[in-house]
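As structure tokens, the structure follows; a few thoughts come after it.
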Amino acid sequence: MSQGNLFTISAPSGTGKTSLVSALVQALRDVQVSISHTTRAQRPGEQDGVHYHFTAPEEFDRMLKRGAFLEHAQVFGNRYGTSQSWVESVLTRGKDVVLEIDWQGAAQVRQLRPDTTSIFILPPSRESLRARLTQRGQDDEAIIQRRLAGAVQEMSHYAEADYLIINEDFDTALEELCAVILSRRLQLPCQLQRHGGLLRRLLS
């Protein structure tokens, strides 16, 4: 069985990253999204093991000491981490894995796995970013202001990614995101793994 591909998708909060990734999973086969561990509080409507693995700070520390995370980061006072064993097991089964993580985590993953494909998503304007954060109705004004301030710093790291997508029109952004996944699958090393037998028969 061929090895799956690893993708990181980074974006400031309110850019529509989660909605795009959800639509991506529906549009393409053999794509799985990693569910991060986090120490932040569970929000209304969120389910443990579906949106995040909500983890007590003490348990997060124990996992960190065991080397259980492929990457980990602190964002707005909360910690997030990706299970290394889960990622490896899914890739081994030939499925692509998408990590929804911030630029810090994406940088860590690239160091450990240079074959990772990194994608950055940006909003079409600061005004649209603020509107999306406000419309969610999940955070108070102080938190929104803090997220907006952090977004500018986070957006400055777009140049570290392999691909850049501007989420102005959702359908267009989704089409571009799918194109990135498919183009990675069609690169020669992936095709050699997937169709090695066919290539040998064609040339014998």
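Both backbone and side-chain heavy atoms feed into the values below; hydrogens, waters and symmetry mates do not.
For the residue pair Asp162 and Ser118, a side-chain donor N or O sits within less than 3.5 Å of a side-chain acceptor on the partner. Judged purely by distance below 3.5 Å, without hydrogens or angles, the side chains of Thr18 and Glu100 pair a donor atom with an acceptor atom. Side-chain contact of Thr39 with Arg79: a donor-acceptor pair under 3.5 Å is absent, judged by distance alone.
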Between Arg130 and Thr134, is a side-chain contact (heavy atoms from CB on, under 4.5 Å) present by the stated rule, with each step listed?
CA-CA 6 Å; Arg130 178 179 177 81; Thr134 303; 4.1 Å; yes
Step by step, work out the side-chain contact (heavy atoms from CB on, under 4.5 Å) result for Tyr52 and Gln47.
CA-CA 7 Å; Tyr52 288 98; Gln47 298 179 45; over 6 Å; no
Between Met63 and Gln84, does the side-chain contact (heavy atoms from CB on, under 4.5 Å) criterion hold? Intermediate values first, please.
CA-CA 11 Å; Met63 295 179 70; Gln84 182 162 268; over 6 Å; no
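Side-chain contact between Asp102 and Ser10: absent, with no pair of heavy atoms (C-beta onward) separated by less than 4.5 Å. Under the 4.5 Å side-chain criterion, counting only non-hydrogen atoms from C-beta, His72 is in contact with Leu64. Side-chain contact check for Ser22 versus Ser19: every heavy-atom pair is 4.5 Å or farther apart. Side-chain contact between Ser204 and Arg200 is absent, with no heavy-atom pair separated by less than 4.5 Å. Contact check for Phe69 versus Gln108: no side-chain heavy atoms found under the 4.5 Å cut-off. Side-chain atoms of Glu71 and Tyr80, non-hydrogen and from C-beta on, never get closer than 4.5 Å to each other. Here the side chains of Ile119 and Leu177 are in contact, with some heavy-atom distance below 4.5 Å. Annotation: side chain of Arg93 is in contact with side chain of Gln32 (closest heavy-atom distance under 4.5 Å).
Between the side chain of Thr172 and the backbone N or O of Phe170, no donor-acceptor pair lies under 3.5 Å. Of the possible polar contacts, none joining the Glu88 side chain to the Thr92 backbone as a donor-acceptor pair under 3.5 Å is found. Looking at Thr15, its side chain never comes within 3.5 Å of a backbone N or O of Ala11 through a donor-acceptor pair. Put simply, the side chain of Glu176 never gets that close to the backbone of Ala173: no donor and acceptor are under 3.5 Å apart.
Linking Ile, Leu, Val, Met, Phe, Trp and Tyr whenever their side-chain heavy atoms come within less than 4.5 Å puts Ile101 and Val87 in one cluster. Hydrophobic clustering (side-chain heavy atoms under 4.5 Å, transitive across Ile, Leu, Val, Met, Phe, Trp, Tyr) keeps Leu186 apart from Val180. When the side chains of ILVMFWY residues are joined at heavy-atom separations under 4.5 Å, either directly or via intervening members, Phe7 and Val21 end up in a single hydrophobic cluster. Two different hydrophobic clusters hold Val98 and Leu6 under the rule that ILVMFWY side chains link at heavy-atom gaps under 4.5 Å. Two different hydrophobic clusters hold Leu99 and Tyr163 under the rule that ILVMFWY side chains link at heavy-atom gaps under 4.5 Å.
Using a 4.0 Å cut-off between charged nitrogen and carboxylate oxygen, Arg185 and Asp96 count as a salt-bridge pair. Electrostatic pairing of Arg132 and Glu127 does not count as a salt bridge here, judged by no charged N lying under 4.0 Å from a carboxylate O.
Heavy-atom minimum distance, Arg43 versus Arg40: CG-NH1, 3.5 Å. Heavy-atom minimum distance, Thr8 versus Ala106: OG1-CB, 3.8 Å. Between Ala151 and Leu129 the shortest heavy-atom distance is CB-CD2, 3.6 Å. Of all the heavy atoms in Gln104 and Ala73, the pair that sits closest is CB-CB, 4.2 Å.
Annotation: the span from Ile35 atom CD1 to His51 atom NE2 amounts to 9.5 Å, rounded to 0.5 Å. Taking CG of Leu182 as the start and CG of Leu28 as the end, the distance is 5.0 Å to the nearest 0.5 Å. For the atom pair CD (Gln187) and CG (Leu192), the distance works out to 11.5 Å, reported to the nearest 0.5 Å. In this structure, CH2 on Trp103 lies 15.0 Å from OH on Tyr158, to the nearest 0.5 angstrom. Interatomic distance, CG of Asn5 versus CZ of Arg113, reported as 9.5 Å (0.5 Å rounding). In this structure, CH2 on Trp86 lies 8.0 Å from NE2 on His53, to the nearest 0.5 angstrom.
For the side-chain contact (heavy atoms from CB on, under 4.5 Å) with Ile181, the qualifying choice from Leu24, Asp30, Thr117 is Leu24, the only one to do so.
Counting heavy atoms of neighbouring residues, nucleotides and ligands inside a 6.0 Å radius, atom CZ of Phe54 exceeds 12 of them. Enclosure of atom CD in Gln145 by more than 12 non-hydrogen atoms of other residues, nucleotides or ligands within 6.0 angstrom is indicated. Heavy-atom neighbours of Gln42 CD from other residues, nucleotides or ligands within 6.0 Å: above the threshold of 12.
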